[in-house]
**Student:** 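There's a structure below that I have some questions on.
Fair warning: this is a prediction, and the values are worked out from it, not measured in the lab.
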Amino acid sequence: SGDGQCATTSKHVQFHHVKEIQSHFIVDVAVGYAHVYARSDTGLVFVWGNGGNGQLCLQNNSNQYSPVLVPFSTTNKVDQVCAGFSHVLM
């Protein structure tokens with residue numbers, strides 16, 4: 001979880017609700033090497049984890065330690081998400 005892929009900064013990872021997306025009905029999750037994508041039933045995509053290669057689609061290379069809404073998904077309904085080592089397809 002050093003890159004935030006477990007939605008926490010703690011090195012001791014336990015199962016927990018990810019409060020930032022609790023109000024959304026998550027229908028799909030894609031996991032890359034050290035990054036995560038969660039897609040809601042309305043097509044919104046939330047990301048967190050390692051952003052070192054821009055794979056979080058946030059127009060920067062920063063790591064995210066809690067879910068952040070991908071701006072692209074607010075104007076384009078995403079039907080599917082697929083993650084790879086350091087990339088994503090939406």
**Student:** Which atom names give the shortest non-hydrogen contact between Asn53 and Gln55, and what distance separates them?
**Tutor:**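 Smallest interatomic distance, heavy atoms only, reads N-OE1, 2.8 Å.
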**Student:** Can you tell me how far apart CE (Met90) and OG (Ser73) are? Round to the nearest 0.5 Å.
**Tutor:**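 If I round to the nearest 0.5 Å, the distance is 7.0 Å.
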**Student:** Looking at Leu58 and Val70, what are the two nearest heavy atoms and their distance?
**Tutor:**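 Result for this residue pair: CD2-CA, 4.3 Å.
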**Student:** Within a radius of less than 6.0 Å around CD of Gln59, do more than 12 heavy atoms belonging to other residues, nucleotides or ligands occur?
**Tutor:**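 Result for CD/Gln59: open.
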**Student:** If I take atom NE2 from residue His35 and atom CG from residue Asn63, how far apart are they, to the nearest 0.5 angstrom?
**Tutor:**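 Answer rounded to 0.5 Å: 11.5 Å.
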**Student:** I'd like to know if Tyr33 and Val47 are part of one continuous hydrophobic network [Ile/Leu/Val/Met/Phe/Trp/Tyr, side-chain heavy atoms within less than 4.5 Å].
**Tutor:**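 Val47 and Tyr33: separate clusters.
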**Student:** How long is the span from the CZ atom in Phe72 to the NZ atom in Lys77, to the nearest 0.5 Å?
**Tutor:**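 It comes to 13.0 Å.
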**Student:** Assigning hydrophobic clusters by single linkage (Ile, Leu, Val, Met, Phe, Trp, Tyr; side-chain heavy-atom cutoff under 4.5 Å), is Val18 placed with Val31?
**Tutor:**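 The answer is yes; both residues are in one hydrophobic cluster.
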**Student:** Pair up each side-chain donor or acceptor in residues 80-88 with any protein partner under 3.5 Å, not counting sequence neighbours, and list the distances.
**Tutor:**
none

**Student:** About how many Å separate CG of Leu69 and CD1 of Ile21, when rounded to the nearest 0.5 Å?
**Tutor:**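 Here the rounded value is 11.0 Å.
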**Student:** Measure the CG-CG distance between Asp28 and Asp41 for me, rounded to the nearest 0.5 Å.
**Tutor:**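 The distance works out to 11.5 Å.
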**Student:** Are Val68 and Leu44 grouped together when hydrophobic residues (ILVMFWY) are joined by side-chain heavy atoms under 4.5 angstrom apart?
**Tutor:**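 No; tracing contacts between hydrophobic side chains, which count when under 4.5 Å, never links both residues.
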**Student:** Could you state the interatomic distance from CG (Leu56) to CH2 (Trp48), rounded to the nearest 0.5 Å?
**Tutor:**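 One gets 10.5 Å once the value is rounded to the nearest 0.5 Å.
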**Student:** Flag the pair Glu20 / Phe46 as yes when at least one side-chain heavy-atom distance between them is below 4.5 Å, and no otherwise.
**Tutor:**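 They are not in side-chain contact.
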**Student:** For Pro71 and Thr74, work out which heavy atoms get closest and say how close.
**Tutor:**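 Heavy atoms only, the tightest pair is O-OG1, 2.7 Å.
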